Each structure stands twice: as structure tokens, then as C-alpha cells.
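A short write-up of the structure that comes next.
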Amino acid sequence: VEVFFNQFSRRPDGAVILFHDRFNAHIGIGSQTHVHIKHGTFGRPVAAQRIVVKSLHAVGSSSYEKLERCNAFGQMVKFKEDGKARHIGMSFHDTPEVLDKVLTEHPELEIVQIQFNYLDYNDASVQSRLCLETCQKHGKAVLIMEPVKGGALANLPEDARVPLDELGDGNSSASYAIRYAASFPEVFMVLSGMGSMDMMNDNISYMKDFKPLNVYELEAIHKVIEIFKEQKTIQCTACRYCMPCPAGVDIPRAFAIDNE
């Protein structure tokens with residue numbers, strides 16, 4: 001965060017700033033009077049003209065009805081009308097059917113953030129491909145989250161890494177995953193979690209002069225997918241949305257241990 005603000009503090013048009021508004025929709029938001037979206041930041045003010053996207057966080061079937069009751073979508077529109085954001089959208093965690101319902105009832109949303117990576121593309125539970133197609137149907141710009149699936153596609157098992165190594169270009173595993181997501185024309189931006197300057201520099205190295213995956217790279221990725229299918233591991237991104245567990249179980253950690 002510090003690096004980001006230091007780099008772009010004098011360049012209001014140099015970056016897209018996105019803020020998620022987190023409604024605790026699971027503990028009883030009941031009416032419009034019970035919710036207020038904060039125009040807040042990382043502990044410091046940011047000029048309104050620099051907030052490009054204002055986004056509702058984690059919209060899905062479990063929260064949608066409550067968000068409707070408290071007029072969350074109406075408040076997002078007001079933020080845009082008041083000039084506090086240039087665009088409004090949401091991050092989405094549910095089925096393509098629910099996504100279609102939300103976008104049909106709220107065409108004012110301009111941007112949708114979805115989980116999307118090459119392992120989840122045809123996954124029966126995540127349904128990344130169908131969610132992407134639903135966004136395309138409604139003409140929405142798409143932001144991608146989890147392009148490396150919680151780090152799983154950045155730190156591949158040794159056998160899964162082989163097809164990528166055989167390409168002989170020395171690129172990181174993460175680079176193929178992020179470029180895979182960015183290669184779809186519907187995708188406006190790929191969001192990659194970065195925990196170090198090395199990760200940031202790696203991302204910049206292949207995205208500043210972006211090239212979509214070629215046929216050989218796609219073939220290698222399909223081999224990686226088949227290897228993962230054979231391993232039958234639990235595909236957890238460690239997003240921790242399942243936490244805290246009422247039984248006190250660290251669910252993501254348990255899955256990681258089982259996969260080991």
C-alpha cells in the first residue's frame with residue numbers, strides 16, 4: 001500500500017483505485033437506515049476524482065436480498081452521481097444464474113469482479129467460464145480475482161511445473177496464470193495479490209508489454225490442468241470466506257494439510 005501511494009500520489013490518472021465496501025450482510029442488515037457506505041481509504045484521504053471504481057464486496061445469494069433491503073445499490077449510484085467514483089460495480093461469489101439475476105435487476109452496475117483462473121475455468125462449482133459469459137451477455141467490464149488461485153498456480157507441484165518448464169522461456173508459473181486470465185478479450189483487468197517487490201516486478205515484467213498466450217503455452221496449461229485433475233486435490237484458494245468456523249476448525253489450513 002505504501003509503495004502504491006508513494007508511486008501514484010502525484011499521478012491521479014496513473015492508476016485505477018478500487019475500493020470494496022464490505023457489508024456484514026450475514027448478521028442482520030435490515031433496512032436502509034442500518035447501512036452507510038464509507039467513503040474511506042487505507043487510513044488516509046484520497047481525492048474523490050482518483051477513486052475510479054467503487055465496488056460492493058462479495059455479492060451472492062446469501063447477501064443479495066439484504067443488500068436490496070438496505071438500498072446498497074442505490075447508495076452506490078449516489079456515490080457516482082455525487083462524483084465520488086467514476087464507475088460502480090461489485091465483486092461476485094456465486095453461480096452464473098444468480099449473477100444473471102443481479103445484473104438483470106441492476107443494470108447500473110458497470111464492472112463485475114469474478115474468480116477466474118485456468119483451473120476454475122470449467123470447474124463445476126466455481127463455473128468461471130459461465131460467469132464470464134454472463135458478464136459478456138450483459139456488456140459488463142470484467143475484473144479478475146484469484147488468477148493464481150490463492151497461490152496454487154504460482155507454486156505448482158513439481159510434476160505440474162514440468163509442462164511449463166519445457167517451454168524453455170524461464171517465465172514464472174504465476175506469469176502463465178495471470179496471462180491466461182488477461183488473454184480473454186472480455187477482461188478489463190487482472191488483480192494479482194502481491195506480497196513482495198519481487199512479485200510486483202515479476203508481474204510488471206510480462207504485463208507492461210502484454211502478449212496473450214500462444215498455442216504452445218495454452219497446450220502446456222492444458223497439460224497442467226490434467227495433472228491437477230489426476231491428483232484430486234481440494235481446490236481451495238485460502239480466501240477464508242468460510243472462516244471463522246463455528247467448530248473452531250481452520251478450514252483452509254486443514255485442506256492444505258490434506259493436499260500435502
Side-chain angles (χ1 to χ4, degrees), residues 1-20 42 46 49-53 55 85-87 89 91 110-122 128-129 131-133 135-136 139-156 160-225 227-228 237:
V1 172
E2 290 299 323
V3 171
F4 177 85
F5 278 108
N6 290 339
Q7 181 71 20
F8 295 107
S9 61
R10 293 178 295 278
R11 295 173 56 193
D13 296 320
V16 173
I17 302 177
L18 181 150
F19 286 117
H20 279 305
F42 299 101
V46 172
Q49 69 269 20
R50 292 166 60 189
I51 299 179
V52 179
V53 181
S55 178
R86 298 182 203 169
H87 304 285
S91 66
E110 303 164 274
I111 297 171
V112 181
Q113 182 176 324
I114 62 172
Q115 179 173 324
F116 189 95
N117 55 71
Y118 62 74
L119 279 187
D120 290 332
Y121 184 69
N122 284 314
S128 291
R129 175 179 61 83
C131 285
L132 181 67
E133 291 175 356
C135 292
Q136 184 182 28
K140 307 302 179 184
V142 179
L143 272 66
I144 298 302
M145 58 182 159
E146 300 291 355
V148 295
K149 201 170 175 65
L153 304 184
N155 302 290
L156 293 172
R161 173 70 203 184
V162 170
L164 301 181
D165 286 341
E166 289 177 344
L167 292 169
D169 52 23
N171 291 332
S172 66
S173 298
S175 72
Y176 295 107
I178 293 172
R179 286 177 57 222
Y180 176 88
S183 294
F184 287 80
E186 306 91 340
V187 171
F188 163 64
M189 182 178 294
V190 179
L191 306 178
S192 170
M194 295 169 284
S196 69
M197 287 299 296
D198 287 341
M199 291 181 184
M200 182 182 291
N201 288 332
D202 183 49
N203 284 0
I204 292 170
S205 71
Y206 52 81
M207 292 301 289
K208 64 182 178 182
D209 183 24
F210 174 71
K211 294 181 177 59
L213 294 178
N214 61 42
V215 63
Y216 303 106
E217 292 169 324
L218 284 171
E219 182 180 344
I221 281 178
H222 290 150
K223 291 178 181 178
V224 174
I225 294 171
I227 291 170
F228 267 93
T237 65

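All values reported here derive from a predicted model rather than from experimental measurement. Only heavy atoms go into these numbers, but all of them, side chains included; no hydrogens, no water, no symmetry mates.
Tyr176 and Asp169 share a donor-acceptor pair across their side chains, judged by distance under 3.5 Å alone.
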So Lys140 and Ile111, side chain to side chain contact (heavy atoms under 4.5 Å, CB included) or not? Walk me through it. CA-CA 5 Å; Lys140 307 302 179 184; Ile111 297 171; over 6 Å; no
Give the C-alpha distance, both sets of side-chain angles, the deciding distance and a yes or no for side chain to side chain contact (heavy atoms under 4.5 Å, CB included) between Ser173 and Arg161. CA-CA 7 Å; Ser173 298; Arg161 173 70 203 184; 2.4 Å; yes
For the pair Leu132 and Phe184, evaluate side chain to side chain contact (heavy atoms under 4.5 Å, CB included) and give the outcome as yes or no after the intermediate values. CA-CA 9 Å; Leu132 181 67; Phe184 287 80; 3.8 Å; yes
Decide yes or no on side chain to side chain contact (heavy atoms under 4.5 Å, CB included) for Gln115 and Lys149, but give the supporting numbers first. CA-CA 8 Å; Gln115 179 173 324; Lys149 201 170 175 65; 4.0 Å; yes
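When the side chain to side chain donor-acceptor pair (under 3.5 Å) test is applied to Asn201, no partner is found at least two apart in sequence or on another chain.
Between the NE2 atom of His87 and the CD atom of Glu110 there is a distance of 5.5 Å, given to the nearest 0.5 Å. If you take CD1 on Ile221 and NZ on Lys223, they are separated by 12.0 Å, rounding to the nearest 0.5 Å. Between the OG atom of Ser172 and the CE atom of Met199 there is a distance of 10.0 Å, given to the nearest 0.5 Å. The distance from atom CD of Glu146 to atom OG of Ser192, rounded to the nearest 0.5 Å, is 10.0 Å. Atom CD of Glu219 and atom CD of Glu166 lie 10.0 Å apart (nearest 0.5 Å).
Between Ile178 and Met207, the closest side-chain pair of non-hydrogen atoms falls below 4.5 Å. In this structure, Ile144 and Val142 have side chains that are in contact, with non-hydrogen atoms separated by less than 4.5 Å. Leu119 has its side chain within reach of Leu153: a pair of non-hydrogen atoms, C-beta onward, lies under 4.5 Å apart.
Aromatic rings of Tyr118 and Phe228 (six-membered ring for Trp) have centroids beyond the 6.0 Å cut-off, not under it.
The two residues Ala181 and Val187 have their closest heavy-atom pair at O-CG2, 3.4 Å. Among all heavy-atom pairs drawn from Ile114 and Cys135, the shortest one is CG2-SG, 4.3 Å. Scanning all heavy atoms of the two residues, the minimum distance from Ser91 to Met145 falls at CB-CE, 4.4 Å. The shortest heavy-atom contact between Ala177 and Pro147 is CB-O, 3.4 Å.
Without hydrogens or angle criteria, Asn155 side chain to Gly151 main chain gives a donor-acceptor distance under 3.5 Å. Using modelled atom types, one side-chain atom of Ser128 and one backbone atom of Asp120 make a donor-acceptor pair closer than 3.5 Å.
Counting non-hydrogen atoms of neighbouring residues, nucleotides and ligands closer than 6.0 angstrom, the CZ atom of Phe210 exceeds 12 such neighbours.
Between Glu217 and Arg179 there is a salt bridge, since a side-chain N of the basic residue sits under 4.0 Å from a carboxylate O of the acidic one.
Using bins of under 30°, 30° to 60° and over 60° for the plane-to-plane angle, the ring pair Phe116/Tyr180 lands in the parallel bin.
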